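Both backbone and side-chain heavy atoms feed into the values below; hydrogens, waters and symmetry mates do not. Lettering follows sequence order; numbering is per chain, from 1. Here the structure is a predicted model, which means the values were calculated and not measured.
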Number of protein chains: 2
Amino acid sequence: MTTRTAAQAHTAARIAHREHCVRCPTNRMLDRIGEKWVALIIKELSGGLRRYGELGRAIPGASQKMLTQALRNLERDGLLTRTVTPEVPARVDYELTALGHSLLPVIQAVAQWADQHIEQIDSARAAHDARGR
Amino acid sequence: MTTRTAAQAHTAARIAHREHCVRCPTNRMLDRIGEKWVALIIKELSGGLRRYGELGRAIPGASQKMLTQALRNLERDGLLTRTVTPEVPARVDYELTALGHSLLPVIQAVAQWADQHIEQIDSARAAHDARGR
DNA sequence: CCGAATCCCCACCGATACTG
DNA sequence: CAGTATCGGTGGGGATTCGG
């Protein structure tokens with residue numbers, strides 16, 4: 001296409017640039033940590049090795065599918081290990097790696113900030129909603 | 001329904017419990033921070049007051065719609081202020097509040113961890129993919 | 001007991017066009 | 001300049017069922 005609108009050219013440039021933004025380490029990790037149930041899994045695993053069923057019971061909100069998916073992603077990224085013990089019934093244990101442990105302080109920093117400021121956020125939101133409508 | 005399967009009862013219990021998980025401050029903040037473009041907006045705003053267009057140019061990946069949506073959510077939570085100056089052409093400035101500034105160290109902690117460990121994660125993922133298939 | 005596989009919905013996000 | 005309105009595609013995530 002030799003002819004295209006300015007809007008299209010602008011859109012193309014934005015799409016190209018988005019690749020960089022999305023691949024930036026900070027955003028990649030925020031995406032990963034922000035995934036559903038990931039933070040809870042890491043926190044639960046910080047107490048040591050856990051069986052699949054234990055995790056499921058510790059995090060009742062997660063469906064089996066989501067729990068498995070999150071665990072697989074974390075395993076893929078080298079944040080935890082998955083150990084299958086072929087006995088009957090089957091037994092699968094999950095445990096944080098060194099890399100996974102190194103992530104704990106970060107998550108705890110977020111948790112601490114959240115606990116300290118959640119009331120401010122709630123009241124700010126309430127005030128904003130009350131004024132706006 | 002006086003009669004329902006054990007599976008249904010279990011599901012109902014999980015749904016009820018999920019309410020607690022989702023409302024936990026840590027997860028709420030992770031959801032908020034993990035939202036698209038939020039981290040980038042905060043980082044950009046850490047340099048001081050910015051106009052809407054400046055933010056748009058600084059974050060070329062975000063569409064107007066997403067940028068506006070994210071800004072409105074952050075304003076609602078009291079993390080930034082939105083100031084309209086009625087001149088021609090229109091001018092709207094965004095600026096972090098004290099609460100918003102207090103979030104900066106947390107985001108930087110995540111960013112720092114990501115920068116330091118992104119290579120480990122990439123190599124772990126590459127190794128995992130190479131083995132698995 | 002630990003998943004894999006399947007179906008399905010709707011929430012999110014992007015593109016485009018229009019307004020004050 | 002700074003949005004709002006609207007439409008459409010996509011995929012995340014939940015329920016359910018089947019296998020080892």
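- Remark: C1' of C/dC1 and CZ of A/Arg57 are 10 Å apart, rounded to the nearest angstrom.
- Judged purely by atom type and a 3.5 angstrom limit, A/Glu54 uses its side chain to pair as donor or acceptor with the backbone of A/Arg51.
- Atom CD in A/Glu35 sits roughly 15 Å away from atom P in D/dG11 (whole-Å rounding).
- Atom NZ in B/Lys36 sits roughly 9 Å away from atom C1' in C/dG14 (whole-Å rounding).
- In this structure, B/Glu87 places its CD atom where more than 12 heavy-atom neighbours from other residues, nucleotides or ligands lie under 6.0 Å away.
- For B/Arg91 and C/dG20, the shortest distance from a side-chain N or O to OP1 or OP2 is not below 4.0 Å.
- Taking atom CZ of B/Arg50 as the reference point, atom P of D/dG3 lies 16 Å away to the nearest angstrom.
- Contact annotation: A/Tyr52 does not reach the phosphate of C/dA4 (side-chain N/O to OP1 or OP2, under 4.0 Å).
- If you check the side chains of A/Tyr94 and A/Thr83, you find no donor sitting under 3.5 Å from an acceptor.
- As a whole-Å value, the separation of A/Asn73 CG from D/dG11 C1' is 14 Å.
- Of the listed nucleotides (C/dC1, D/dA2, D/dG14), C/dC1 has the atom at the smallest distance from the side chain of A/Pro89.
- Across the protein-nucleic acid pair, A/Met66 atom CE and D/dG11 atom C1' stand 11 Å apart, rounded to whole Å.
- B/Gln64 places its CD atom 9 Å from the C1' atom of D/dC1, with the value rounded to the nearest Å.
- Under the 4.5 Å side-chain heavy-atom criterion for grouping Ile, Leu, Val, Met, Phe, Trp and Tyr, A/Leu104 is connected to B/Ile33 within one hydrophobic cluster.
- Of the side-chain N and O atoms in A/Arg82, one or more sit less than 4.0 angstrom from OP1 or OP2 of C/dG3.
- When distances run from any side-chain atom of A/Arg51 to the nucleotides C/dG20, C/dC2, D/dT4, the shortest one goes to C/dC2.
- In this structure, of D/dC1, C/dC1, C/dG3, it is D/dC1 that holds the atom nearest to the side chain of B/Ala90.
- Considering only side-chain atoms of B/Gln69, the nucleotide from C/dC13, C/dG14, D/dG3 that sits closest is C/dC13.
- With hydrogens and angles disregarded, a donor-acceptor distance shorter than 3.5 Å links the side chain of B/Trp113 to the backbone of A/Ser102.
- Rounded to whole angstrom, the span from the CD atom of A/Glu54 across to the C1' atom of C/dG3 amounts to 16 Å.
- Here D/dG3 is the nucleotide among D/dG3, C/dA4, C/dG14 with the atom lying nearest to any side-chain atom of B/Thr68.
- Picking from C/dC1, D/dG3, C/dT6 the nucleotide with the shortest atom distance to the side chain of A/Lys65 gives C/dT6.
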